K.L.:
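This is the structure I have questions about; it appears just below.
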Amino acid sequence: MSEFEQMYREVILDHYKSPRNHGLLEPHDAIAEGENPLCGDEVTVSVRFGEGDVIEDVGFEGRGCAISQAATSMLTDLVKGRTAQEISVLPKEELLDEVGIPLSPVRLKCALLGLGVLKVALHRTKGTPLPEEWSASSGEITLS
Amino acid sequence: MDRVSATTSHVLDTHRLRADFPVFEELFDGKPVAYLDSASSSQKPRQVLDRMRAFYEHEYANVHRGVYRLAERATEGFEGARRTTAAFLNAPSEKEVVFTRSATEALNLVAYAWGLDNLGPGDVVVITELEHHASFVPWQYIAHRTGASFRHIPIDDRGELQLDALDGLAREGDVKVVASNLVSNTLGTINPVERLAEWAHGQGAIMVVDAAQAAPHRSVDVQALGADFVAITGHKLCGPTGIGALWGRKEILEAMSPFNLGGEMIRSVGLQKTTFNELPHKFEAGTPAFAEAVGLAAAMDYLGEIGLEAIERHEHALVEQAMGALEEIPWIRVFGPPADRRAGIVSFEVEGIHPHDVAQILDWEGVAVRAGHHCTQPLMTRLGVAATTRASFYLYSVPEDLERLVAGLYKVKASLG
């Protein structure tokens, strides 16, 4: 079981089984959804802004593998209280450090799905930059 | 070629056969891999690896045009591989065997070279809901390009084709193509291709068979199938990657336009006009993967010595064991037909746990399975799942592999359930 603990650390299992900020916000100021067609992971992220472009609250829904759902749950904790501008350029490493386990390229897409969806939501409402890797034409993740 | 460790008999001596496969000497946490992903690609026996090495060391030069002895040896190796492949498929003539990079390329060849010239508005292309993307997508694309309609034969809840839908499809226009796999790569369903071929010919259509998943495990006789095209791949039947083959009926192949252009497929080139080579070279542009073809032939010889019937029986016993064990577990749902109507493939769902997580945890137990849509997204939609976990067997699979799978699944359930 040692690899198990290494890979699916308890914190990941905890976020998977009891996701934080679960459920979409009503009303919300921004929303986007995306899926990773390779494995069927789906995530929808909704955002409510406070003063300026501060992310006051965030809620998500989704289904898929433990990594995709736990990483999105961790993301929601990570971004609250920060500005849209700041999150739009958040290095993916900051989230991956939170996830804290080595990920193969296939699983990396699972872990980063929620972050991509959030950046799209921010881009749509606040016009923040959308990194090229998350543009709809990347072909790897379908955003809508 | 070395003799195989077990010769044709009613039961495979799998433990002795495993000694032919160096990969099982590789240990993960002190144990050999429980390799349950042969439907994706098979492991390689020494006999194939040794043959390719000998070819590269003693018989290698470019094929066909060389006038020196080494080139003659290489050409003989390549053309000998074609004869072996023709015999493996019971093709009437080796001129009907075209080497390709893969079954996918073989199916694309038919879709492009036959489809673009022969399909148009009012025509119907019929595929199955069980198709692999390699068969599904080329026909979907070519149908779209030519204005033909694209229809599928639906499956029932057990993953078997509903042939009573055929008459309705025939009323939609001129059915010109029926494309089906012989064995479903996701569910293992053995499809009634002979009946489909008969129906197709009754409609004036061609019958295109994707036998990539069948040829490694059961004898594929292109004449008995009654098909017009049959595609196979090497890497699933103990051969190397990068080599596949298309068998096609001679009169159809001869009437077809070429697919890729250049190299041996050309007879003569002028500033205004090029003429093309005869079969099968007309469809083999560029330097072919001839060392891989030699490896493929060695794999076919290897399987022939063991006996495909013995392999099929061995896998059937494993499927029965696997389905028996998995169906007893209340939180597992097995997809597809009963054991007696399927090949050595079992796709299943672990209640509430994503297949990626299942496969990841099984890997830590040294059990290699595939998790995903298996290049059959329309089938996943029909089954109402995004992905499944798939265990698949081959001649080197042993009951211990299944015991490790089941024990691993209980660990998955304990961790994530």
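A quick note: this is a predicted structure, and the numbers were derived from the prediction, not measured. Chain letters run A, B, ... following the sequence lines, proteins first, then strands; residues in each count from 1.
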K.L.:
What parts of residues 16-24 of chain A touch chain B if we use heavy atoms and a cut-off under 4.5 Å?
P.N.:
A/Y16, A/K17
K.L.:
Identify, with sequence neighbours excluded, every residue that meets side chain to side chain donor-acceptor pair (under 3.5 Å) alongside B/N185.
P.N.:
none
K.L.:
For A/R82, is the CZ atom crowded, meaning more than 12 foreign heavy atoms sit under 6.0 Å from it?
P.N.:
yes
K.L.:
Looking at every heavy atom in both A/I67 and B/D357, which two are closest together, and how far apart are they?
P.N.:
N-OD1, 4.3 Å
K.L.:
Any chance CG of B/D156 has more than 12 other-residue heavy atoms, nucleotides or ligands included, within less than 6.0 Å?
P.N.:
yes
K.L.:
With side chains defined as the heavy atoms from C-beta onward, is the minimum distance between A/Q69 and B/H354 less than 4.5 Å?
P.N.:
no
K.L.:
Any chance CD of A/E26 has more than 12 other-residue heavy atoms, nucleotides or ligands included, within less than 6.0 Å?
P.N.:
yes
K.L.:
Report all side-chain donor-acceptor pairs from residues 344-351 of chain B shorter than 3.5 Å, counting only partners two or more places apart or in another chain.
P.N.:
residue, atom, partner, partner atom, Å
B/S347, OG, B/T186, O, 2.8
B/S347, OG, B/T388, OG1, 3.2
B/E349, OE1, B/R333, NH1, 3.2

K.L.:
Just checking B/E25: does its CD atom have more than 12 heavy atoms from other residues, nucleotides or ligands closer to it than 6.0 angstrom?
P.N.:
yes
K.L.:
Can you confirm whether A/V106 sits close enough to B/H356 that some side-chain heavy atom of one is under 4.5 Å from a side-chain heavy atom of the other?
P.N.:
yes
K.L.:
State which residues pass side chain to side chain donor-acceptor pair (under 3.5 Å) with B/Y141; sequence neighbours excluded, sorted by chain then number.
P.N.:
B/R145
